[in-house]
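See below for the structure under consideration.
Numbering of ligands and ligand atoms starts at 1, following listing order. Numbering of residues begins at 1 and proceeds along the displayed sequence.
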Amino acid sequence: MEEDKKMTRRQVVTGLGATLAAAAVSPVLAGTKTTNHTSMEAKISDPTTLHPKPPFRSQPQPWPGLQSKMDPVPDCGETSYKGSGRLQGRKALITGGDSGMGRAAAIAYAREGADVAINYYPSEEQDAQEVIALIKKEGRKAITIPGDLRSEDFCKSLVQKAIAGLGGLDIIVNNAGRQQSINSIVDVTTEEFDSTMKTNIYAPFWIIREALPHLPPGSAIIGTTSEQAYDPSPDLYAYAQTKAATMNYVKSLAKQLGPKGIRVNGVAPGPVWTALQISGGAQPEKQQMFGSWTMLGRPGQPAELASIYVQLAAADASFASGQVYGSSGGVGQP
Ligand code: NAD
Ligand code: MG
């Protein structure tokens with residue numbers, strides 16, 4: 001089992017394991033000359049064994065958590081994502097860009113040729129610096145703008161700093177999110193409810209409103225919603241409704257901004273192995289068996305969603321607006 005996992009890692013990182021495995025089972029592949037067709041076949045990998053499966057070690061962290069301290073560390077495409085110039089010269093602001101889906105998007109965007117500004121909560125500096133190093137390694141601009149998204153003043157300054165640092169802005173990924181699992185509505189404090197609404201609903205509103213006058217036609221706005229928008233869990237009373245709101249603003253803004261040439265879309269992940277879940281987002285029992293209920297028997301890794309964030313931002317997706325693209329391992333609804 002452990003050896004399986006190691007093999008799986010190598011396959012992801014180098015593709016070599018997959019090539020050897022294909023050669024071992026297929027004398028036809030092994031014996032013939034390498035064609036494009038053959039090398040494409042060699043890259044096929046089984047999604048059920050591609051990434052770690054539960055059970056996971058119990059590992060609660062105080063909010064907002066550091067993914068570098070998780071076991072296993074979430075895979076955000078650090079060693080696997082390969083770009084092909086799809087976002088050359090673009091300028092992106094990504095909230096929650098230090099970890100999880102935001103980090104996967106930041107790495108992918110840089111490898112596709114974009115300059116990237118990331119926002120995160122100040123205590124996440126360690127995770128953020130890893131992302132900055134990876135963006136710089138691609139020769140792209142990497143801007144850090146830490147701060148608390150629950151503040152309107154901060155959200156306004158975030159946009160202005162991103163525009164100043166990047167020399168403009170044409171992609172906004174409103175990805176940061178607050179999720180705290182609380183079994184009974186009786187125990188949801190007004191402060192907690194307010195924090196969830198501020199982070200997940202107000203911050204995207206403040207950011208988009210501030211940025212709009214600066215966004216050229218061709219710009220893309222992407223919101224991270226969730227399967228929770230359509231099939232809410234009982235312990236996520238506050239969070240789930242913010243994800244329904246995100247799905248909804250994606251659709252209303254797509255109508256409002258379409259005539260200006262600005263596309264607005266959403267990504268709806270299912271269970272993905274991130275710091276959000278181990279820093280209050282899921283109950284301990286759920287954390288340990290996280291993702292076991294999907295049809296792949298495991299949670300998603302942020303890297304598996306990176307290409308969706310790229311696709312929705314890329315100029316060749318020019319007819320996609322008001323869409324929500326899901327990725328949830330065979331369960332849930334986008
Ligand atoms: P994550 O913890 O890695 O990222 C969430 C980020 O939100 C944090 O890194 C933090 O930087 C940011 N954030 C939260 N509150 C903030 C605040 N007040 N100020 C500044 N930044 C703040 O977890 P993730 O799972 O990658 O989350 C990214 C998005 O994906 C969220 O919107 C989340 O709701 C959504 N989502 C996650 C899952 C999942 O299973 N992990 C499923 C569906 C949707
Ligand atoms: Mg984080």
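- Judged by distance alone, the side chains of Gln323 and Arg263 never bring a donor and an acceptor atom under 3.5 Å apart.
- The proximity of Trp63 to ligand 1, defined as any non-hydrogen pair under 4.0 Å, is limited to the side chain.
- Here's the thing with Gly102: none of its N/O atoms is less than 3.5 angstrom from an N/O atom of ligand 1.
- No hydrogens or angles considered: a donor-acceptor pair under 3.5 Å links the side chains of Glu192 and Thr196.
- At a 4.0 Å cut-off, at least one heavy atom of Gly147 sits close enough to ligand 1 to count as contact.
- One finds no salt bridge joining Asp170 and Lys91 here, because no Lys/Arg side-chain nitrogen approaches an Asp/Glu carboxylate oxygen to under 4.0 Å.
- Proximity of Lys243 to ligand 1, defined as any heavy-atom pair under 4.0 Å, is confined to the side chain (atoms from C-beta onward).
- Counted by atom type alone, Glu125 and Gln129 present one or more donor-acceptor pairs between their side chains at under 3.5 Å.
- Checked by atom type, the side-chain pair Thr48/Asp46 shows a donor-acceptor distance below 3.5 Å.
- Relative to atom 22 (C) of ligand 1, the option among Ala275, Ala176, Ser328 with the closest non-hydrogen atom is Ala176.
- Atom 16 (C) of ligand 1 has Thr199 CG2, 3.9 Å as its closest protein atom, hydrogens excluded (heavy atom only).
- At the shortest separation from atom 35 (C) of ligand 1 among protein heavy atoms lies Thr224 CG2, 3.5 Å.
- Put simply, the residue from Thr225, Ile201, Leu236 that forms a side-chain contact (heavy atoms from CB on, under 4.5 Å) with Thr242 is Ile201.
- One finds no salt bridge joining Glu78 and Lys137 here, because no Lys/Arg side-chain nitrogen approaches an Asp/Glu carboxylate oxygen to under 4.0 Å.
- For the Mg ion (ligand 2), the set of nearby N, O or S atoms under 2.8 Å includes one belonging to Ser99.
- Of all the heavy atoms of Arg103, none lies under 4.0 Å from any atom of ligand 1, so neither backbone nor side chain is involved.
- To the nearest 0.5 angstrom, Gln67 atom CD is 10.0 Å from Gln61 atom CD.
- With respect to atom 42 (C) of ligand 1, the closest heavy atom belonging to the protein is Gly270 O, 3.1 Å.
- When hydrogens are left out, the protein atom nearest atom 33 (C) of ligand 1 is Tyr239 OH, 3.5 Å; that is the closest non-hydrogen contact.
- Considering just the N/O/S atoms of Asp98, the one nearest the Mg ion (ligand 2) carries the name OD2.
- For the residue pair Ser99 and Tyr120, no side-chain donor N or O sits within less than 3.5 Å of a side-chain acceptor on the partner.
- Each of the atoms 40 (O) of ligand 1 lies under 4.0 Å from some heavy atom of Pro271.
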side-chain hydrogen bond (donor to acceptor under 3.5 Å, both in side chains) between Ser58 and Gln287, intermediate numbers included: CA-CA 7 Å; Ser58 174; Gln287 290 174 27; 5.3 Å; no
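- Scanning all protein heavy atoms for the shortest distance to atom 1 (P) of ligand 1 gives Ser99 OG, 3.5 Å.
- Shown in contact with Gly100 at under 4.0 Å from a heavy atom are these atoms of ligand 1, numbered in order with element: 3 (O), 26 (O).
- In summary, the side chains of Ser195 and Arg150 do present a donor paired with an acceptor at a separation below 3.5 Å, with no hydrogens or angles considered.
- Remark: minimum distance from atom 31 (C) of ligand 1 to any protein heavy atom is reached at Asn175 O, 3.1 Å.
- The shortest N or O to N or O distance between Gly177 and ligand 1 is below 3.5 Å.
- Only the side chain of Asp98 comes within 4.0 Å of ligand 1, judged by heavy-atom distances.
- Electrostatic pairing of Asp148 and Lys198 does not count as a salt bridge here, judged by no charged N lying under 4.0 Å from a carboxylate O.
- Protein heavy atom in closest approach to atom 37 (C) of ligand 1: Met101 CE, 3.5 Å.
- Under a 4.0 angstrom heavy-atom cut-off, Arg178 registers as lying outside contact with ligand 1.
- Annotation: Glu124 places an N or O atom under 3.5 Å from an N or O atom of ligand 1; distance criterion only.
- Side chains of Thr95 and Asn119: no donor on one and acceptor on the other come within 3.5 Å.
- Protein heavy atom in closest approach to atom 24 (P) of ligand 1: Thr274 OG1, 3.4 Å.
- With salt bridges taken as basic N to acidic carboxylate O contacts below 4.0 Å, one links Glu304 and Arg298.
- Under a 4.0 Å criterion applied to the non-hydrogen atoms of Gln277, ligand 1 contributes the atoms 39 (C), 40 (O), 41 (N).
- Residue contact check: Asp148 has heavy atoms under 4.0 Å from atoms 17 (C), 18 (N), 19 (N) of ligand 1.
- Only the backbone of Thr225 comes within 4.0 Å of ligand 1, counting heavy atoms alone; no side-chain atom from C-beta on gets that close.
- Closest approach between the Mg ion (ligand 2) and any N/O/S atom of Glu124 involves OE2.
- Where the criterion is an N or O separation shorter than 3.5 Å, residue side chain and backbone included, Glu227 fails it with respect to ligand 1.
- More than 12 heavy-atom neighbours from other residues, nucleotides or ligands sit within 6.0 angstrom of CZ on Phe154.
- Counting heavy-atom neighbours within 6.0 Å of Glu191 CD, excluding the residue itself, gives a total of 12 or less.
- The shortest N or O to N or O distance between Pro269 and ligand 1 is not under 3.5 Å.
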